[in-house]
Participant: 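Take a look at the following structure, please.
Note that the structure is predicted; figures quoted are calculated from it, not measured. FYI, side chains are in, hydrogens and waters are out, and symmetry mates aren't considered; it's all heavy atoms of this structure. Every chain is numbered from 1 and lettered A, B, ... according to where its sequence line falls, protein lines coming before strand lines.
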There are 2 protein chains.
Amino acid sequence: MEKIKMDIGQAADLFKIMGDRTRLSMIAMMNERECCVCDFTDCFQMSQPAVSQHLKKLRTLGLITERKEGYWTHLSLNKESPFYDMIPELIAVVPDADAHVAFLIASCSREDCC
Amino acid sequence: MEKIKMDIGQAADLFKIMGDRTRLSMIAMMNERECCVCDFTDCFQMSQPAVSQHLKKLRTLGLITERKEGYWTHLSLNKESPFYDMIPELIAVVPDADAHVAFLIASCSREDCC
DNA sequence: TCGTCACATAATAAAATGCTTATATGGTTG
DNA sequence: CAACCATATAAGCATTTTATTATGTGACGA
């Protein structure tokens, strides 16, 4: 196991990515289970390209991995990321994150996916 | 003791404020000890007004309190803030935060203050 | 009382952010 | 092959962020 190398600037980059309600929710949801892109377009009240661009930021930071299957793209937190271990701990600090995630996941109502 | 009320949007606001290297460092330093504004102008390679504007954001979120004494303004994390309990936990998640804070505090080299 | 010190505020400019609509892409299905 | 579906990318735009320089303010000390 390699030693994690991270300076405070990289930590700030992670906080910055999490400093948006939509992305924080996405991360918290993926912390619970693998999610399809369509889950996110279902959950959040914004256009599909807006969701896609938030995902791009998560990808650029190396936070997520994808698995394509038929029509759908399934997203997970990237186990190889140096941030991977931090994420559950950061989410755990947020009061009522569990309830919020449960609510969001319940509102992903596609039957033909996920 | 009142129950903390916080939705995910407010948590995102906190992450956003911490999503800047300078402010994250300031918060981590104040998590260690009370700091003077001059500590920050010493530590960070930017103008005094830039430091002042970062502090304004921390104030606007209600994250800090001040104590004036002679020339100097001493800053602490605000115990009344709903975020107060979260901060040490969030800082604890950042690898090597301790070493970084120690380095920064060591570089605050005023002898007539703090 | 006048200059100085720590700090805040104003004004401004450059860059980044986050949305929108329109369009492209690549696998799927008929 | 052709239409379709999930998703990405491009382009445009308003807003926000973050720095800089210049200036204001109020406490302190000679």
Participant: Whole angstrom is fine here: how far is it from CG in A/Leu55 over to C1' in C/dT17?
Facilitator: 16 Å

Participant: If I compare all heavy atoms of A/Ile27 with all of A/Leu77, which pair ends up nearest, and what's the gap?
Facilitator: O-CD1, 4.3 Å

Participant: For residues 52-59 of chain A, which side-chain N or O atoms pair as donor and acceptor with protein atoms under 3.5 Å away, sequence neighbours left out?
Facilitator:
unit_1	atom_1	unit_2	atom_2	d
A/Gln53	NE2	A/Pro49	O	3.1
A/His54	ND1	A/Arg23	NH1	3.1
A/Arg59	NE	A/Glu66	OE2	2.3
A/Arg59	NH2	A/Glu66	OE2	3.2

Participant: Between C1' on C/dT17 and CD1 on A/Ile17, what's the gap in Å once rounded to a whole number?
Facilitator: 11 Å

Participant: Pick base, sugar-phosphate or nothing for B/Arg59, based on heavy-atom distances below 4.0 Å to the nucleic acid.
Facilitator: sugar-phosphate

Participant: Per the ring-ring contact (aromatic ring centres under 6.0 Å, His included) rule, what does the pair list look like for residues 12-44 of chain A, sequence neighbours excluded?
Facilitator: A/Phe15-B/Phe15

Participant: A/Phe44 CZ to C/dG18 C1': how many Å, rounded?
Facilitator: 15 Å

Participant: Could you name each residue pair satisfying ring-ring contact (aromatic ring centres under 6.0 Å, His included) that touches residues 95-114 of chain A, not counting sequence neighbours?
Facilitator: none

Participant: Only counting residues at least two apart or in another chain, list the ones meeting salt bridge (Lys or Arg N to Asp or Glu O under 4.0 Å) with B/Glu34.
Facilitator: B/Arg67

Participant: With the criterion being N/O to N/O and under 3.5 Å, what pairs connect the protein with nucleotides 3-6 of chain C, and how long is each?
Facilitator:
unit_1	atom_1	unit_2	atom_2	d
C/dA6	OP1	B/Arg110	NH1	3.0
C/dA6	OP1	B/Arg110	NH2	2.6
C/dA6	O3'	B/Tyr71	O	3.2

Participant: Rounded to the nearest angstrom, tell me the gap between atom CG in B/Leu58 and atom P in C/dA8.
Facilitator: 11 Å

Participant: For B/Glu80, enumerate each residue passing the salt bridge (Lys or Arg N to Asp or Glu O under 4.0 Å) test, keeping only those at least two apart in sequence or located in another chain.
Facilitator: none

Participant: What is the distance, to the nearest angstrom, from the CE atom on B/Met26 to the C1' atom on C/dC7?
Facilitator: 12 Å

Participant: Test of understanding: with side-chain hydrogen bond (donor to acceptor under 3.5 Å, both in side chains), list the residues that count as partners of B/Arg33, not counting sequence neighbours.
Facilitator: B/Asp39

Participant: Quick one: salt bridge (Lys or Arg N to Asp or Glu O under 4.0 Å) partners of B/Glu32, sequence neighbours excluded?
Facilitator: none

Participant: List the protein contact pattern of nucleotides 15-21 of chain D with one symbol per nucleotide (5' to 3'): B for base contact, S for sugar-phosphate-only contact, - for none; contact means a heavy-atom distance under 4.0 Å.
Facilitator: --SSBBB

